[in-house]
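What's counted below: heavy atoms across the whole structure, side chains too, no hydrogens, waters or symmetry copies. Just so it is clear: chains get the letters A, B, ... in the order the sequence lines come, proteins before strands, and each one is counted from 1.
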Number of protein chains: 4
Amino acid sequence: MSNSSEPVGAPRRRRKEARPSELTAAALALFVEKGFAATRLEDVAAHAGVSKGTLYLYFDSKEALFKAVIEEGIVARFVAAGEQAAAFDGTATDLLQHLLLAWWEQIGSTPLAGVAKLMISESRNFPEVTRYYHDKVIVRGRALMRSVLERGIANGEFRAVDIDSAIDVIFSPLLMLVLSRFSLAFCSGSDDPKSFLKKHIDLVLRGLSKEEAGR
Amino acid sequence: MSNSSEPVGAPRRRRKEARPSELTAAALALFVEKGFAATRLEDVAAHAGVSKGTLYLYFDSKEALFKAVIEEGIVARFVAAGEQAAAFDGTATDLLQHLLLAWWEQIGSTPLAGVAKLMISESRNFPEVTRYYHDKVIVRGRALMRSVLERGIANGEFRAVDIDSAIDVIFSPLLMLVLSRFSLAFCSGSDDPKSFLKKHIDLVLRGLSKEEAGR
Amino acid sequence: MSNSSEPVGAPRRRRKEARPSELTAAALALFVEKGFAATRLEDVAAHAGVSKGTLYLYFDSKEALFKAVIEEGIVARFVAAGEQAAAFDGTATDLLQHLLLAWWEQIGSTPLAGVAKLMISESRNFPEVTRYYHDKVIVRGRALMRSVLERGIANGEFRAVDIDSAIDVIFSPLLMLVLSRFSLAFCSGSDDPKSFLKKHIDLVLRGLSKEEAGR
Amino acid sequence: MSNSSEPVGAPRRRRKEARPSELTAAALALFVEKGFAATRLEDVAAHAGVSKGTLYLYFDSKEALFKAVIEEGIVARFVAAGEQAAAFDGTATDLLQHLLLAWWEQIGSTPLAGVAKLMISESRNFPEVTRYYHDKVIVRGRALMRSVLERGIANGEFRAVDIDSAIDVIFSPLLMLVLSRFSLAFCSGSDDPKSFLKKHIDLVLRGLSKEEAGR
DNA sequence: GATGAATGAGGATTCATTCAT
DNA sequence: TATGAATGAATCCTCATTCAT
């Protein structure tokens with residue numbers, strides 16, 4: 001789980017720059033696995049190869065660590081996705097396909113997808129972080145998808161569907177995939193997530209497509 | 001945490017009949033709100049209007065209470081739903097519509113829907129309960145829906161769709177609704193769940209329908 | 001140190017009424033001995049013959065325990081002293097003598113005298129408690145002594161001395177006695193506190209007396 | 001806490017000459033303010049403008065720092081006072097007055113007075129340091145005052161009072177002043193310590209004086 | 001059955017101390 | 001010499017669980 005690109009016997013000292021993300025990565029894994037309350041900081045520390053006290057050099061409290069876990073990487077990644085979409089030259093169809101696949105590559109298939117499950121589990125315990133996540137991830141994610149759909153509708157690629165419903169339909173299987181990975185398998189896609197995703201994309205695009213409406 | 005020495009479905013050792021469902025109801029509310037680990041039994045007892053010690057007259061441990069919360073009402077309700085479906089006289093279309101609305105009335109809109117969120121949050125901590133939930137709820141629910149779809153396809157109401165994909169498409173918005181109620185609002189349906197649900201039923205039925213394929 | 005008026009093998013349960021003062025007594029002894037920060041609550045509990053957790057049934061935190069230690073008995077005792085003084089029939093000379101001896105019997109020679117040393121040590125760490133102690137003990141104590149001196153001056157027993165200075169002179173050896181008992185022996189009275197106190201009373205009364213001023 | 005393996009007065013093992021008194025000064029301020037146990041070495045270091053580790057270049061442990069704080073300046077200053085007294089030419093009256101004022105100027109009004117409050121608070125935790133302080137400060141201080149009183153009695157300036165009692169009477173208000181500065185104000189002298197002190201000196205000298213016994 | 005006082009193992013947090021740089 | 005990142009023992013506090021009443 002810990003991607004150790006460093007030599008095994010390397011000294012553990014003097015890591016001040018790299019430490020926080022090592023710690024949040026370890027914390028994410030355990031928070032997703034056990035939940036916030038059931039995760040012991042000692043285990044987080046052990047997971048990251050440091051001692052208990054070291055955590056407190058970087059985070060004031062368990063709760064601060066939780067916040068950092070959520071913030072870590074989320075914003076940056078969404079900014080990147082937004083820029084990609086804005087600069088995209090191809091069709092809306094291609095863009096939609098690209099975005100969902102990119103989400104899978106960069107988030108859905110990585111430990112970062114655990115953030116979604118973590119937020120589902122802990123949202124009630126951290127209202128402030130929940131608002132942050134809602135504003136930075138959900139609202140932005142929906143806005144990004146909205147712009148794609150609007151572009152597609154405007155240039156005649158897509159039918160004039162109800163956009164919010166379409167976003168729901170597009171996003172809900174992604175959530176199902178995440179939950180399959182970190183929780184229960186509600187859906188049938190847990191065996192082969194990638195093909196499940198491609199089938200989903202296919203379905204969505206066919207449903208949106210203006211051509212061959214009769215299928 | 002999940003050292004479960006006895007099988008979930010095994011007969012409880014004592015006082016099964018007397019076990020007040022007020023206790024499991026209170027526990028469900030708090031487990032869903034705060035998570036299993038972060039819920040204090042003292043709060044559960046207070047919520048149910050009894051003393052801390054009384055809980056132990058009915059449940060051997062916090063974990064046993066958790067299991068009881070999951071079992072409570074779930075099995076009975078699914079049995080009822082299965083019987084209803086088996087005895088249903090009308091069209092598959094009507095049955096599908098009926099089942100989803102019944103789910104909303106009897107589960108989705110009630111505190112019982114919290115069980116789903118609870119299972120999502122705690123599945124990793126209670127593998128055995130998760131298996132139980134998977135077998136009793138997910139597998140049965142999918143089987144029930146499968147029989148409806150197969151019946152509809154057989155009698156020519158529905159197109160010959162891929163059934164597992166159809167079940168995913170049908171169930172995922174239900175999950176979204178639950179998460180909207182007890183966690184984050186990922187979807188746009190949190191404002192008016194019932195109309196969201198009806199719109200969803202409408203969409204599904206139209207998508208399944210053999211007639212007016214060209215829409 | 002623990003005045004055990006109960007049978008040794010007596011069950012430790014069901015003591016809810018008596019517990020708090022047992023706990024504050026144990027806490028006082030240790031706080032005075034080691035200071036607030038250096039005292040472990042586990043030791044306090046052991047001193048009182050209970051477990052660590054029991055402390056938290058009666059006091060919310062270590063700091064709450066500290067406050068309770070200071071409040072415990074202080075107010076009641078000062079009220080009693082004030083009433084005694086108000087109802088006193090004899091001369092101011094007798095009353096002054098009586099008050100100082102009563103202080104010694106009821107406070108100075110008992111563990112309660114430790115409260116003064118504790119306040120000296122911890123005043124800076126607990127400004128709020130310090131204000132309370134100042135208002136309830138120091139101000140009231142000085143007011144009580146002031147009334148005695150004023151009475152003595154009014155009826156011609158005492159010379160018209162500067163009252164605040166007289167109070168300082170009267171009280172400072174009491175403080176020295178306390179410090180001798182619980183801290184350093186700055187004064188020569190640590191060997192025989194009672195005779196030290198009597199010599200002091202004698203000195204004070206002779207200094208205040210209007211008669212035989214030339215001595 | 002007070003496991004002191006080496007005698008206090010023993011020669012420090014290293015760097016005695018280089019040991020910056022800024023460190024002991026900072027430590028004194030914080031020890032007096034918060035107490036020994038509640039003072040963090042990190043704060044001491046920050047107060048002195050050095051890093052935490054630097055403290056350990058000069059002091060082997062927190063306890064060693066405590067000892068150094070007590071030793072620092074105390075001995076030297078008392079030696080000086082003793083020499084001044086021995087070489088003093090004037091009357092005992094003048095000498096007594098001079099000594100008390102000198103104490104105020106060089107100790108009582110400076111941060112060094114905090115040492116007394118610190119010893120009061122921590123004496124029980126550091127028996128060995130307490131003995132050192134007792135021998136070096138209290139015993140010497142009383143001896144110095146004793147010699148002054150004896151000189152005054154011998155040459156007819158003072159009445160033949162009980163010397164130990166007189167020393168108590170002379171020193172106790174000094175203690176009150178210190179406690180007023182660093183702890184609670186038990187006495188009335190906290191507003192204007194210097195005039196309080198002068199009034200005290202006046203009182204003492206008048207009480208000792210052989211002349212005008214009738215006042 | 002019901003209560004709630006008591007327990008003590010467990011975990012978050014602090015901070016004196018070390019040591020590589 | 002000086003630093004400050006790292007450590008882990010120590011301690012406050014919580015809470016599941018027990019049991020005398």
Side-chain angles (χ1 to χ4, degrees), chain A residues 11-19 36-46 48-65, chain B residues 1 14-15 18 20 36-46 49-65, chain C residues 11-19 37-46 48-65, chain D residues 1 15 18 20 36-46 49-65:
Chain A
R12 285 278 156 60
R13 304 274 175 117
R14 306 284 125 167
R15 303 291 319 272
K16 184 141 200 184
E17 326 76 34
R19 273 288 146 73
F36 176 78
T39 297
R40 303 181 330 173
L41 286 191
E42 185 152 21
D43 286 343
V44 173
V50 301
S51 76
K52 221 178 345 173
T54 300
L55 273 174
Y56 286 87
L57 294 176
Y58 299 97
F59 305 100
D60 287 340
S61 65
K62 197 183 183 184
E63 188 165 337
L65 176 60
Chain B
M1 163 153 291
R14 48 177 191 178
R15 281 163 305 231
F36 175 79
T39 296
R40 298 181 310 157
L41 287 191
E42 184 151 22
D43 287 344
V44 174
V50 301
S51 78
K52 216 179 349 172
T54 300
L55 275 174
Y56 284 85
L57 294 175
Y58 298 99
F59 306 100
D60 289 341
S61 67
K62 196 184 184 184
E63 187 167 339
L65 175 60
Chain C
R12 283 280 156 60
R13 303 274 174 116
R14 306 285 125 166
R15 302 294 315 275
K16 183 139 202 187
E17 328 73 35
R19 273 287 146 71
T39 296
R40 303 182 328 175
L41 286 192
E42 187 153 19
D43 287 343
V44 173
V50 300
S51 77
K52 221 181 341 173
T54 299
L55 273 174
Y56 286 88
L57 293 177
Y58 300 97
F59 306 100
D60 287 342
S61 65
K62 196 181 183 185
E63 188 165 337
L65 176 60
Chain D
M1 166 153 288
R15 281 162 307 229
F36 176 78
T39 296
R40 299 182 309 159
L41 287 191
E42 184 152 22
D43 287 343
V44 173
V50 300
S51 78
K52 215 178 352 171
T54 300
L55 275 174
Y56 283 85
L57 295 174
Y58 299 99
F59 306 100
D60 290 338
S61 67
K62 197 183 183 185
E63 187 166 339
L65 176 60

**Study point:** Distance, rounded to the nearest Å, where A:Leu41 contributes CG and F:dT11 contributes P
**Key:** 20 Å

Point to revise | Heavy-atom closest contact (D:Phe59 atom, D:Ala64 atom, distance) | key: CD2-O, 4.3 Å

Review point. How many Å lie between CZ on B:Phe59 and P on E:dA2, as a whole number?
Key: 12 Å

Exercise for review: Rounded to the nearest angstrom, tell me the gap between atom CZ in B:Phe36 and atom P in F:dA16.
Suggested key: 8 Å

Review point. Is the base of E:dG10 touched by the side chain of C:Lys52 through a donor-acceptor pair closer than 3.5 angstrom?
Key: yes

Exercise for review: Please report the C-alpha distance between C:Leu65 and C:Leu41 in whole Å, then the side-chain angles of each, then the deciding distance to 0.1 Å, and finally whether the side-chain contact (heavy atoms from CB on, under 4.5 Å) criterion is met.
Suggested key: CA-CA 10 Å; C:Leu65 176 60; C:Leu41 286 192; 3.8 Å; yes

Exercise for review: Rounded off to whole Å, could you give me the CD-to-P distance for the A:Glu42 and E:dT14 pair?
Suggested key: 16 Å

**Study point:** Paired and unpaired positions of DNA chain F as dot-bracket, Watson-Crick or G-U wobble under 3.5 Å, | denoting a partner strand
**Key:** .||||||||||||||||||||

Review point. Are B:Thr54 and E:dA2 close enough that a side-chain N or O sits under 4.0 Å from OP1 or OP2?
Key: no

Practice item. Identify, between B:Lys62 and A:Gly53, the residue whose nearest nucleotide on DNA chain F lies closer to the 5' end. Key: A:Gly53

Review point. Between E:dG11 atom C1' and A:Tyr56 atom OH, what is the distance in whole Å?
Key: 9 Å

Review point. D:Leu57 CG to E:dA16 C1': how many Å, rounded?
Key: 15 Å

Review point. Taking CG from B:Leu55 and P from F:dT18, how many angstroms apart are they, rounded to a whole number?
Key: 13 Å

